[in-house]
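On a predicted model such as this, the values are computed, not experimentally measured, just so you know.
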Amino acid sequence: MIYVVAAAAIGLWVWLLRVLRKAGLKFWRYLLGSCGIFLILLILVRPWLVLPLARLIAAIAGIFGKVTGFYQAYYRYGVIFIESLNGAITVNIDLECSGFIEISAFISLLAFYGIYNVPERIYIGVVGTLYTMLTNALRIAVICTMIHFLGTDYYYVAHTIVGRIVFYVLQVILYFFIFTKPHVLKMKTGDFGYNKKEEIASKSGGDAQ
């Protein structure tokens, strides 16, 4: 039953996108399209990808732990075991730690971003997804390293504050280079536009006079 409802909702979503496209309402099409992609990924794709993604993140983060000996990653279970000064703790890579929500948000915003064509969106989507996975693994490594040296009492600070700051600062850098910078470069604002033909014609007219 749920698949029937999902199919009907997706059909309505596609129809509304076509209506907004014909009406020339680009902003509302982008908003509806991005929200729709995000919900599709979160509701239909999440159950199939969260566990494999969690295992992959644990395996990548576990490379640093294996080299340094600070912690051990059991990637088959998506679990990391950390020994510290005042005991040991097991960290489970769940939905939040897997980075699936952040990857879904990035793909959703990119899918209808009109500055890029379709091949560019696919390429940037792959690169951005890999970047998000690596930065998330780095976040996990930072959390585990802090717990190893400072103790299990610092789990909350490491996970909720330091880890998130590291991850989201790196994500802001990604969003700047993918969304903000290209948009600013392609804007035309008064005399700072990029219309070279008008600029050349204006100069030619001035020289003729």
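Screening residues 142-164 for ring-ring contact (aromatic ring centres under 6.0 Å, His included) gives F70-H148, F70-F149, Y155-H159 as the qualifying pairs, with residues at least two apart or on separate chains. Among pairs with a residue in residues 9-53, none fulfils ring-ring contact (aromatic ring centres under 6.0 Å, His included), at least two apart in sequence or across chains.
The heavy-atom pair separating F100 from L49 by the smallest distance is CE1-CB, 4.1 Å. The two residues A58 and A73 come nearest to each other via the heavy atoms O-CB, 3.3 Å. Here the shortest heavy-atom pairing between R139 and E96 reads NH2-O, 3.7 Å. Heavy atoms only, all atoms of each residue included: N92 and G78 are closest at OD1-O, 3.4 Å. Nearest heavy-atom pair across I143 and A158 is CG1-O, 3.3 Å. Contact detail for P47 and I43: the closest heavy-atom pair is CD-O, 3.5 Å.
To the nearest 0.5 Å, atom CD1 of residue I161 and atom CE of residue M146 are 9.0 Å apart. Note that CG of L25 and CG of L16 are 11.5 Å apart. Values are rounded to the nearest 0.5 Å. For the atom pair CD1 of I80 and CD1 of I89, the computed distance is 11.5 Å after rounding to the nearest 0.5 Å. Here L134 contributes atom CG and I60 contributes atom CD1; the two are 5.5 Å apart, rounded to the nearest 0.5 Å. Summarising the geometry, atom CD1 belonging to I101 is positioned 11.5 Å from atom CG belonging to L41; distances are rounded to the nearest 0.5 Å. T180 OG1 to I173 CD1: the interatomic distance, rounded to the nearest 0.5 Å, is 12.0 Å.
Looking only at side-chain heavy atoms (C-beta outward), T132 and Q171 come within less than 4.5 Å of each other. Here the side chains of F112 and L17 are in contact, with some heavy-atom distance below 4.5 Å. When side chains are defined from C-beta on, Y175 counts as touching L109, because their heavy atoms get closer than 4.5 Å. By the 4.5 Å heavy-atom criterion applied to side chains, Y113 and I124 are not counted as neighbours. The side-chain heavy atoms of L42 and S104, taken from C-beta on, include no pair separated by under 4.5 Å. Looking at L53 and M133, their side chains come closer than 4.5 Å, going by heavy atoms from C-beta outward. Residues C97 and I140 form a side-chain contact, since some pair of their non-hydrogen atoms from C-beta on lies under 4.5 Å apart. A heavy-atom distance below 4.5 Å is found between the side chains of F179 and L110.
Listed by chain and number, the hydrophobic cluster partners of F167 are Y168, where partners are ILVMFWY side chains within reach of under 4.5 Å, directly or through others. Applying the 4.5 Å side-chain rule to ILVMFWY residues, one finds Y77, V79, F81 in the same cluster as Y74.
Clustering ILVMFWY residues whenever any of their side-chain heavy atoms sit less than 4.5 angstrom apart, transitively, puts I63 in a cluster other than the one holding Y131. Both F106 and V127 are part of a single hydrophobic cluster, where members link through side-chain heavy atoms under 4.5 Å apart. Hydrophobic cluster membership is shared by I115 and I178, with clusters built from Ile, Leu, Val, Met, Phe, Trp and Tyr side chains linked at under 4.5 angstrom. Put simply, L44 and L51 are part of two different groups of oily side chains (I, L, V, M, F, W, Y) that touch within less than 4.5 Å, one to the next. Both Y123 and I37 belong to a single network of hydrophobic side chains, linked directly or stepwise wherever heavy atoms of I, L, V, M, F, W or Y lie under 4.5 Å apart.
Contacts of A54 classified as side-chain contact (heavy atoms from CB on, under 4.5 Å), with partners at least two apart in sequence or in another chain: I93, S98. Partners of I122 according to the side-chain contact (heavy atoms from CB on, under 4.5 Å) rule, which considers only residues two or more places apart in sequence or in another chain, are V118.
Atom CZ of R164 sits in a crowded spot, with more than 12 heavy atoms from other residues, nucleotides or ligands closer than 6.0 Å. Other residues, nucleotides and ligands place no more than 12 heavy atoms under 6.0 Å from the CD atom of E83.
Under a 3.5 Å cut-off, the side chain of S108 and the backbone N or O of C35 do not form any donor-acceptor pair.
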